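All of these numbers come straight from a predicted model, not from anything done at the bench. Count residues from 1 along the sequence.
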Amino acid sequence: MRGAPGRIRTCAHGSCYRSRNWRDLLSSAGIAHKRIRPYRPQGLTPSAYIARIRLEAAKALILSGESVASAAVRSGLGSDETLRRVLKSAAAKGH
(Lines give C-alpha, C1' and ligand atoms only; values in the text may rest on other atoms or scores of the structure.)
Protein backbone atom coordinates (compact mmCIF):
# COMPACT_ATOMS: atom_id res chain seq x y z
CA MET A 1 0.00 0.00 0.00
CA ARG A 2 1.47 3.34 -0.98
CA GLY A 3 0.73 6.68 0.57
CA ALA A 4 2.06 10.16 0.91
CA PRO A 5 5.50 10.39 2.59
CA GLY A 6 5.29 10.94 6.34
CA ARG A 7 1.68 9.88 6.65
CA ILE A 8 0.58 7.04 8.90
CA ARG A 9 -0.33 4.06 6.76
CA THR A 10 -2.57 1.36 8.14
CA CYS A 11 -3.92 -1.77 6.57
CA ALA A 12 -5.84 -4.76 7.92
CA HIS A 13 -3.67 -7.18 5.95
CA GLY A 14 -0.41 -6.70 7.83
CA SER A 15 2.08 -6.53 4.97
CA CYS A 16 1.39 -2.86 4.31
CA TYR A 17 1.35 -1.80 7.97
CA ARG A 18 4.62 0.16 8.08
CA SER A 19 3.99 3.27 10.15
CA ARG A 20 7.23 4.41 11.79
CA ASN A 21 5.39 7.16 13.64
CA TRP A 22 3.01 4.63 15.16
CA ARG A 23 5.91 2.28 16.01
CA ASP A 24 7.82 5.12 17.68
CA LEU A 25 4.76 6.22 19.66
CA LEU A 26 4.20 2.67 20.90
CA SER A 27 7.90 2.28 21.69
CA SER A 28 7.91 5.44 23.81
CA ALA A 29 4.92 4.04 25.73
CA GLY A 30 6.70 0.69 26.24
CA ILE A 31 4.36 -1.26 23.97
CA ALA A 32 5.63 -3.70 21.34
CA HIS A 33 4.82 -2.87 17.71
CA LYS A 34 2.98 -5.75 16.07
CA ARG A 35 1.44 -6.16 12.67
CA ILE A 36 -2.29 -6.69 12.47
CA ARG A 37 -4.19 -9.10 10.26
CA PRO A 38 -7.85 -9.54 9.41
CA TYR A 39 -10.03 -11.58 11.72
CA ARG A 40 -10.52 -15.10 10.46
CA PRO A 41 -12.87 -17.14 12.61
CA GLN A 42 -11.52 -20.54 13.64
CA GLY A 43 -14.07 -23.18 14.58
CA LEU A 44 -17.64 -22.69 15.71
CA THR A 45 -19.51 -19.48 16.31
CA PRO A 46 -20.86 -19.06 19.85
CA SER A 47 -24.44 -19.82 18.77
CA ALA A 48 -23.36 -22.93 16.85
CA TYR A 49 -21.40 -24.10 19.90
CA ILE A 50 -24.44 -23.69 22.15
CA ALA A 51 -26.68 -25.47 19.63
CA ARG A 52 -24.21 -28.38 19.50
CA ILE A 53 -24.10 -28.65 23.31
CA ARG A 54 -27.91 -28.61 23.49
CA LEU A 55 -28.16 -31.23 20.78
CA GLU A 56 -25.69 -33.52 22.58
CA ALA A 57 -27.63 -33.09 25.83
CA ALA A 58 -30.91 -33.91 24.09
CA LYS A 59 -29.40 -37.04 22.49
CA ALA A 60 -28.11 -38.22 25.87
CA LEU A 61 -31.52 -37.68 27.47
CA ILE A 62 -33.30 -39.58 24.69
CA LEU A 63 -30.84 -42.47 24.95
CA SER A 64 -31.46 -42.62 28.70
CA GLY A 65 -35.19 -43.16 28.09
CA GLU A 66 -36.53 -39.61 28.18
CA SER A 67 -39.33 -38.71 25.76
CA VAL A 68 -38.41 -36.53 22.78
CA ALA A 69 -40.55 -33.61 23.98
CA SER A 70 -39.11 -33.78 27.51
CA ALA A 71 -35.53 -34.08 26.23
CA ALA A 72 -36.04 -31.04 24.00
CA VAL A 73 -37.33 -28.91 26.87
CA ARG A 74 -34.71 -30.10 29.37
CA SER A 75 -31.84 -29.50 26.92
CA GLY A 76 -32.96 -25.94 26.23
CA LEU A 77 -34.25 -26.44 22.70
CA GLY A 78 -37.81 -25.56 23.70
CA SER A 79 -39.92 -28.05 21.77
CA ASP A 80 -39.74 -31.42 20.08
CA GLU A 81 -40.19 -29.71 16.71
CA THR A 82 -37.10 -27.58 17.32
CA LEU A 83 -35.16 -30.70 18.32
CA ARG A 84 -36.22 -32.44 15.11
CA ARG A 85 -35.17 -29.43 13.03
CA VAL A 86 -31.76 -29.23 14.76
CA LEU A 87 -31.24 -33.00 14.36
CA LYS A 88 -32.11 -32.79 10.67
CA SER A 89 -29.74 -29.87 10.17
CA ALA A 90 -26.91 -31.61 12.03
CA ALA A 91 -27.43 -34.81 9.99
CA ALA A 92 -27.24 -32.79 6.76
CA LYS A 93 -23.92 -31.27 7.90
CA GLY A 94 -22.56 -34.66 8.90
CA HIS A 95 -22.39 -34.09 12.68
Are Leu61 and Val68 connected, step by step, through hydrophobic side chains (Ile, Leu, Val, Met, Phe, Trp, Tyr) whose heavy atoms are closer than 4.5 Å?
no
For [X] versus [Y], what's the shortest heavy-atom pair and its separation?
{"X": "Ala58", "Y": "Ser75", "result": "CB-OG, 3.5 Å"}
{"X": "Ile62", "Y": "Ala71", "result": "CG1-CB, 3.6 Å"}
{"X": "Ser79", "Y": "Ala72", "result": "O-CB, 3.2 Å"}

Quick one: salt bridge (charged side-chain N to carboxylate O under 4.0 Å, His left out) partners of Glu66, sequence neighbours excluded?
Arg74
Listed by chain and number, what are the salt bridge (charged side-chain N to carboxylate O under 4.0 Å, His left out) partners of Arg85, not counting sequence neighbours?
none
side-chain contact (heavy atoms from CB on, under 4.5 Å) partners of [X], counting only residues at least two apart:
{"X": "Ser47", "value": "Thr45"}
{"X": "Val86", "value": "Leu55, Leu77, Thr82"}
{"X": "Ile53", "value": "Tyr49, Glu56"}

Counting N and O atoms only, with roles assigned by atom type, does the side chain of Ser70 sit under 3.5 Å from a partner on the main chain of Ser67, one being a donor and the other an acceptor?
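Such a contact is absent between Ser70 side chain and Ser67 backbone.
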Any non-hydrogen side-chain atom of Arg54 less than 4.5 Å from a side-chain atom of Leu83?
no
Applying salt bridge (charged side-chain N to carboxylate O under 4.0 Å, His left out), which residue pairs with at least one partner in residues 42-51 are found, sequence neighbours left out?
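For residues 42-51, and leaving out neighbouring residues, there are no salt bridge (charged side-chain N to carboxylate O under 4.0 Å, His left out) pairs at all.
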